[in-house]
Asker: 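Submitted below is the structure of interest, expressed as structure tokens.
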Amino acid sequence: MELILGEYRLPLGQRTYVMGILNVTPDSFSDGGQYLDPGRAVARGLEMVAQGADLIDVGGESTRPGAEPVPVEEELRRVIPVIRRLAREVRVPISIDTYKARVAEAAVDAGARLLNDISAGRFDPEMPRLAARTGLPLVVMHMKGTPRTMQEAPWYEDVVGEVDQFFRERIQALTEAGVAREQLILDPGLGFGKRTQDNLVLLGQLGRFRHWGLPLLVGPSRKSFLGEVLGTPPQDRLEGTLAAVVTAVVQGADLVRVHDVEAIDRARRVVDALVRADPVAAAAAQGGENR
Ligand code: 8Y4
């Protein structure tokens, strides 16, 4: 099985792909304002590709709890020039992080080839139609509530069961809207309406979502559940993010969405080699030697 992203292909089951985060927002919590200048954002995108990013996820609206919504015209102003220039200059697919179909459509026209909609097509009824029409992959991310309300006392009886039920409902609705099932990417939505314990369970049990036979994406990078375990601020969560990514890769995650591409890709390459290390092939390569 492979994901088809326009002119790009990502074969599945061979390795984990690294999606580099490119925030084009003035208030982005961990790299606030650094990349509002399109030239600097593009430079960071090029740098992430040089560091091993397999995709670049471009977003122009913060989804931090309580963040102000961004008008569509402002979101377009932020992301479209960056996507257009990056799409020309790199040979990896660009992902558009938006729940607005107008932004997603303009992003696709500018060269984006994956729809990263944190609402799984629920906030804008045009989004499933855009995914169906373009045939591009669509992320089906779980979120309890909305970005504004999601951290107001979230609670789960069985978080894995609830997220799995959400996947069932969204796969059904999206395929009925004409989106190809095999173009859906499942994501438990770490940090979106979850307590620390819920985030830890979802990541620790990620492999329980493999029964859908669909690609799995996880985005643990620098998130507050790591801060809760470590007691560190966002810029001091690299080791926690590495541990989270290793846990995801071991369970067969297909994509990981991260800020620190160079370090993450190094760890990812070692874990991908370890999980595929074949004792039979190793013995055969050694032949009949007694040593
Ligand atoms: C520290 C660092 C604290 C980052 C919070 C955050 C995901 C996503 C985001 C995700 C997918 C974020 C756009 C939130 N998270 N898309 N987007 N999956 N598919 N917060 O987990 O990074 S933004």
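First listed ligand is number 1; within each ligand, the first listed atom is number 1.
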Asker: Which atoms of ligand 1 are found less than 4.0 Å from any heavy atom of M141?
Answerer: 10 (C), 11 (C), 18 (N)
Asker: Any salt bridge between E262 and R266, counting N to O under 4.0 Å?
Answerer: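 Looking at R266 together with E262, the answer is yes, because their closest N to O distance falls below 4.0 Å.
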Asker: Given R78, which partner from the list N23, V58, V24 fulfils the side-chain contact (heavy atoms from CB on, under 4.5 Å) test?
Answerer: V24
Asker: Enumerate the atoms of ligand 1 whose separation from the nearest heavy atom of L217 is less than 4.0 angstrom.
Answerer: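 Within the 4.0 Å cut-off of L217, ligand 1 contributes 19 (N).
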Asker: Give me the ring orientation class for F166 and H142: parallel if the planes are under 30° apart, tilted from 30 to 60°, perpendicular past 60°.
Answerer: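 Taking H142 first and then F166, their aromatic rings stand perpendicular (interplane angle over 60°).
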Asker: Under 4.0 Å from any heavy atom of R222, which atoms of ligand 1 are there?
Answerer: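 It comes down to these atoms of ligand 1: 1 (C), 2 (C), 3 (C).
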Asker: Taking 4.0 angstrom as the limit and counting only heavy atoms of S221, give me the atoms of ligand 1 inside it, by number and element.
Answerer: 2 (C), 4 (C)
Asker: If the threshold is 4.0 Å, N to carboxylate O, is there a salt bridge linking R102 and E75?
Answerer: no
Asker: With atoms numbered from 1 as shown, which atoms in ligand 1 lie under 4.0 angstrom from a non-hydrogen atom of V139?
Answerer: 19 (N)
Asker: With respect to R237, determine whether any N or O atom, backbone or side chain, lies less than 3.5 Å from an N or O atom of ligand 1.
Answerer: no
Asker: Could you see which bit of V218 sits under 4.0 Å from ligand 1, with heavy atoms only: side chain, backbone, both or neither?
Answerer: neither
Asker: Report the residue from L136, I185, D97 that forms a side-chain contact (heavy atoms from CB on, under 4.5 Å) with L114.
Answerer: I185
Asker: What distance separates I96 CD1 from I83 CD1, expressed to the nearest 0.5 Å?
Answerer: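 Interatomic distance, I96 CD1 to I83 CD1, rounded to 0.5 Å: 4.0 Å.
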Asker: Out of K223, R257, H142, who gets a non-hydrogen atom closest to atom 21 (O) of ligand 1?
Answerer: K223
Asker: Atoms of ligand 1 less than 4.0 Å from D187 heavy atoms?
Answerer: 10 (C), 11 (C), 18 (N), 19 (N)
Asker: With atoms numbered from 1 as shown, which atoms in ligand 1 lie under 4.0 angstrom from a non-hydrogen atom of D97?
Answerer: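 Checking each atom against D97, I get 13 (C).
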Asker: Any sub-3.5 Å donor-acceptor pair from Q251's side-chain atoms to L206's backbone N or O?
Answerer: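 Yes, Q251 side chain to L206 backbone: donor-acceptor pair under 3.5 Å.
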Asker: Is it the side chain (CB and beyond), the backbone, both or neither of I118 that lies under 4.0 Å from ligand 1, heavy atoms counted?
Answerer: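 I118 to ligand 1: side-chain contact only, backbone stays beyond 4.0 Å.
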Asker: Using modelled atom types and a 3.5 Å cut-off, is there a donor and acceptor pairing between side-chain atoms of K194 and backbone atoms of F192?
Answerer: yes
Asker: What are the atoms of ligand 1, with element, lying closer than 4.0 Å to any heavy atom of G219?
Answerer: 21 (O)
